[in-house]
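Letters A, B, ... are given to chains in the order of the sequence lines, protein chains preceding strands, and every chain is numbered from 1. This structure is a prediction, so every number in the text was calculated from the model and none was measured.
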Number of protein chains: 2
Amino acid sequence: MKKTIAMLPGDGIGKEVMQGAQEVLSVIAEQFGHEFIFTSGLIGGSAIDQRGGPLPAETLELCRNADAIMLGAVGGPKWDREPADNRPERGLLALRKELGLYANIRPVKAYECLTDHSPFKKSVLNGVDFVIVRELTGGLYFGKPSERSGKGGEESAVDTLFYTKEEVRRILAAAFEMAAGRRKKVTSVDKANVLESSRMWRETAEEVKADYPDVELEHMLVDNAAMQLIKNPSQFDVLVTENMFGDILSDEASVLTGSLGMLPSSSLSLNGLHLYEPVHGSAPDIAGKNKANPLAMILSAAMMLRTSFGMEEEAKAVERAVQHVLDAGKRTGDLAFKNDHPLTTAEMIDEIKEGLADDNAILHIMEAYA
Amino acid sequence: MKKTIAMLPGDGIGKEVMQGAQEVLSVIAEQFGHEFIFTSGLIGGSAIDQRGGPLPAETLELCRNADAIMLGAVGGPKWDREPADNRPERGLLALRKELGLYANIRPVKAYECLTDHSPFKKSVLNGVDFVIVRELTGGLYFGKPSERSGKGGEESAVDTLFYTKEEVRRILAAAFEMAAGRRKKVTSVDKANVLESSRMWRETAEEVKADYPDVELEHMLVDNAAMQLIKNPSQFDVLVTENMFGDILSDEASVLTGSLGMLPSSSLSLNGLHLYEPVHGSAPDIAGKNKANPLAMILSAAMMLRTSFGMEEEAKAVERAVQHVLDAGKRTGDLAFKNDHPLTTAEMIDEIKEGLADDNAILHIMEAYA
Ligand SMILES: [Mg+2]
Ligand SMILES: [Mg+2]
């Protein structure tokens with residue numbers, strides 16, 4: 001298959017981990033006889049520096065012409081004093097809005113071999129395997145007005161949590177659709193005892209549920225969800241939330257996996273042009289030092305292979321290579337213990353590529369004997 | 001000293017645990033020669049049932065005439081279908097607003113003897129001792145508009161996050177004041193990379209910091225805070241947050257202590273009339289079954305003795321009695337392990353009262369020998 005992939009490395013470690021994804025995808029293309037065309041665009045702080053704004057028109061165009069988009073990370077202290085509408089994060093928010101990337105999907109799975117690294121007891125992590133479905137283009141992060149008024153003692157600020165019923169319906173439908181293919185349980189998170197938008201959310205969840213008689217629906221208040229996620233995380237299958245609730249809960253849930261450096265995500269649009277990115281940020285403190293963990297970005301590439309290109313075998317090959325490297329005890333600094341010798345970013349990328357090569361060799365031998 | 005205490009048991013287990021606080025306070029009054037006058041008022045669902053609204057005028061009046069207020073818990077599935085402005089929770093929200101209870105204070109401390117009960121590894125809980133200062137009368141839970149518009153496919157809903165600069169300043173000042181008497185570190189939580197209200201919050205934090213040269217100020221994004229709280233909780237001293245952020249983070253942080261049933265809280269007003277309540281809710285599933293853990297309510301009474309009445313010795317006596325009962329392995333169902341025989345609510349209350357009596361006897365013997 002021939003596929004065009006828009007690569008937006010962004011800022012900080014985004015560049016380093018994107019390099020890893022591209023190298024791994026190139027190996028996959030060779031092994032499986034695909035052609036991947038990589039196009040590259042600026043976003044975030046580097047776009048502000050070089051083009052004067054966080055989402056240049058040419059980057060948006062590049063994305064529209066691609067079959068899928070991969071994004072590294074945006075942001076850093078360098079741009080903290082930029083005006084509100086010219087922050088690196090605005091580039092990502094605008095991209096989501098422009099492309100209608102309304103649903104963010106984050107699988108949360110505890111890697112057995114990383115439980116020593118987790119703050120949680122092993123017994124809590126047993127059987128943790130859920131997905132957070134976060135609404136991504138509405139809610140508190142986008143509502144208008146979002147502004148300051150008055151001066152001095154009279155100063156005030158306002159932000160707005162706004163949803164149309166249709167926005168709420170489509171994200172809930174995405175969650176039910178996902179649960180139908182899994183363990184058939186949706187936990188809908190809201191704050192219906194206080195917020196009007198949450199009451200509309202809860203009613204809509206009940207309406208969508210009617211189309212999925214096999215899927216169980218449970219409502220959970222967001223503060224309780226923040227508690228349940230770490231008290232008894234194996235109770236969840238699919239969690240669906242408003243934009244900001246999802247931002248908070250998914251970062252909290254990431255701790256269950258042992259490291260942010262392991263977590264891929266996808267952002268889905270209705271027209272099939274999806275975006276894939278690691279959950280971690282741009283980590284300015286270690287940027288350019290060859291220390292970043294590229295696995296979340298590489299696993300995001302695997303998600304892309306599966307979800308956007310239907311390449312299940314290729315996705316599995318990448319995931320197996322990651323699993324083998326971890327099982328062999330090889331770790332970057334974020335996962336290494338005190339007495340380990342951590343791998344550099346480049347070394348970790350090489351390990352994955354070698355793993356893919358070995359995996360491929362074994363497959364060929366097995367085929368020869370079949 | 002003579003003190004009038006407004007007791008608002010509310011709903012569910014609120015009644016049972018309030019009974020415990022009153023009995024314990026009566027023992028303290030006798031032992032230390034105080035006179036506590038208990039007045040009792042309706043709030044929440046029971047007020048809806050008996051008076052037609054969640055905060056009757058007589059309850060508000062009763063509070064205004066008291067030296068301090070104790071509240072059990074409000075809410076339950078029975079009132080889930082009430083209209084938005086007639087929910088049990090509205091009673092509590094209105095009380096906070098009417099009395100200017102702008103700062104919610106939640107100490108988070110891991111009890112050594114409960115770490116077996118925690119989902120966290122012991123190493124993570126070591127040295128956890130911080131306070132969450134949550135803004136309580138502004139932000140997303142109070143802003144207007146909070147309403148629905150349109151019908152059918154055109155339906156939408158809006159909530160509003162609004163703060164005056166003065167509201168933000170006073171909660172930040174409360175946090176700095178608290179930190180000055182502790183380990184001198186304030187972590188200010190916001191979402192300044194996206195929200196305008198958060199940017200005003202962050203600027204105001206810097207301004208207030210200028211009055212406290214000895215106190216360190218650190219800014220943390222709310223999603224990162226949700227992660228750091230469970231990855232490395234001992235880094236915190238005083239966390240200060242917007243209303244809804246604080247709601248989510250403080251319930252998350254409660255898991256660090258092993259049980260919600262252990263956590264007291266206070267809500268402070270500028271004029272000195274403060275409210276004390278357990279962190280837990282009304283737990284309708286176990287209400288009236290003599291199963292609830294009364295310790296959070298009893299520890300809230302201790303907070304009241306210390307903060308509102310300046311009765312440090314009396315507060316310590318209550319806290320010692322709780323510690324002794326736990327050290328002796330006595331637990332209610334929420335803290336009991338599989339093979340334990342859990343105490344009932346009434347039994348736990350008796351244990352604390354006996355502990356106070358023993359403690360008092362020892363103090364008298366020590367005095368006699370002094
Ligand atoms: Mg986040
Ligand atoms: Mg709460």
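Most heavy-atom pairs under 4.5 Å with chain A, from the set B/Val168, B/Ile230, B/Leu229: that is B/Ile230. Listed options A/Glu147, A/Glu167, A/Glu166 were ranked by heavy-atom pairs under 4.5 angstrom with chain B; first place goes to A/Glu147.
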| request: Quick one: do B/Arg87 and A/Val194 satisfy side-chain contact (heavy atoms from CB on, under 4.5 Å)? Show the steps, please. | output: CA-CA 9 Å; B/Arg87 301 279 176 111; A/Val194 181; over 6 Å; no
| message | Using side-chain contact (heavy atoms from CB on, under 4.5 Å), reason through A/Ser156 and B/Tyr163 one step at a time and then give a plain yes or no. | response | CA-CA 6 Å; A/Ser156 65; B/Tyr163 271 117; over 6 Å; no
| From CA spacing to verdict: side-chain contact (heavy atoms from CB on, under 4.5 Å), B/Asn193, A/Arg90 | CA-CA 9 Å; B/Asn193 55 345; A/Arg90 277 288 145 194; over 6 Å; no
| field | Worked check of salt bridge (Lys or Arg N to Asp or Glu O under 4.0 Å) between A/Glu252 and B/Lys231 | value | CA-CA 9 Å; A/Glu252 178 187 348; B/Lys231 239 178 120 169; over 6 Å; no
| task | Go through A/Thr160 and B/Val158 one step at a time and tell me if the side-chain contact (heavy atoms from CB on, under 4.5 Å) criterion holds. | result | CA-CA 7 Å; A/Thr160 302; B/Val158 69; 3.4 Å; yes
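When heavy atoms are compared at a cutoff of 4.5 Å, B/Ala192 approaches chain A solely by way of its backbone atoms N, CA, C and O. Using a 4.5 Å cut-off between heavy atoms, B/Leu260 contacts chain A through its side chain alone, with no backbone atom that close.
B/Asp251 is not listed as a side-chain neighbour of A/Asn224, based on a closest heavy-atom distance of 4.5 Å or more. Residues B/Val124 and A/Phe120 have side chains not in contact (no heavy-atom distance under 4.5 Å, counting atoms from C-beta outward). Between B/Leu140 and A/Lys191, the closest side-chain pair of non-hydrogen atoms is not below 4.5 Å.
Going from atom CG of B/Asp247 over to atom CG of A/Asp223 covers 4.0 Å, rounded to the nearest 0.5 Å. With rounding to the nearest 0.5 angstrom, the CZ atom of B/Arg199 is 10.5 Å from the CG atom of A/Asp80. Put simply, CE on B/Met244 and CZ on A/Phe245 are 6.0 Å apart, with the number rounded to the nearest 0.5 Å. The distance from atom CG of B/Leu161 to atom OG of A/Ser146, rounded to the nearest 0.5 Å, is 9.5 Å. For the atom pair NZ (A/Lys165) and OG (B/Ser149), the distance works out to 13.0 Å, reported to the nearest 0.5 Å.
Contact check on A/Arg148 versus B/Glu203 returns a salt bridge, with a Lys/Arg side-chain nitrogen under 4.0 Å from an Asp/Glu carboxylate oxygen. Note on A/Arg169 versus B/Glu155: no salt bridge recorded, every NZ/NE/NH1/NH2 to OD/OE distance being 4.0 Å or above.
The closest donor-acceptor contact from the side chain of A/Asp159 to the backbone of B/Ser197 lies under 3.5 Å. Side-chain N or O atoms of B/Lys121 include one that pairs as donor or acceptor with a backbone N or O of A/Ser118 at under 3.5 Å.
With a 6.0 Å radius and a threshold of 12 heavy atoms from other residues, nucleotides or ligands, A/Glu112 has its CD atom at or below the threshold.
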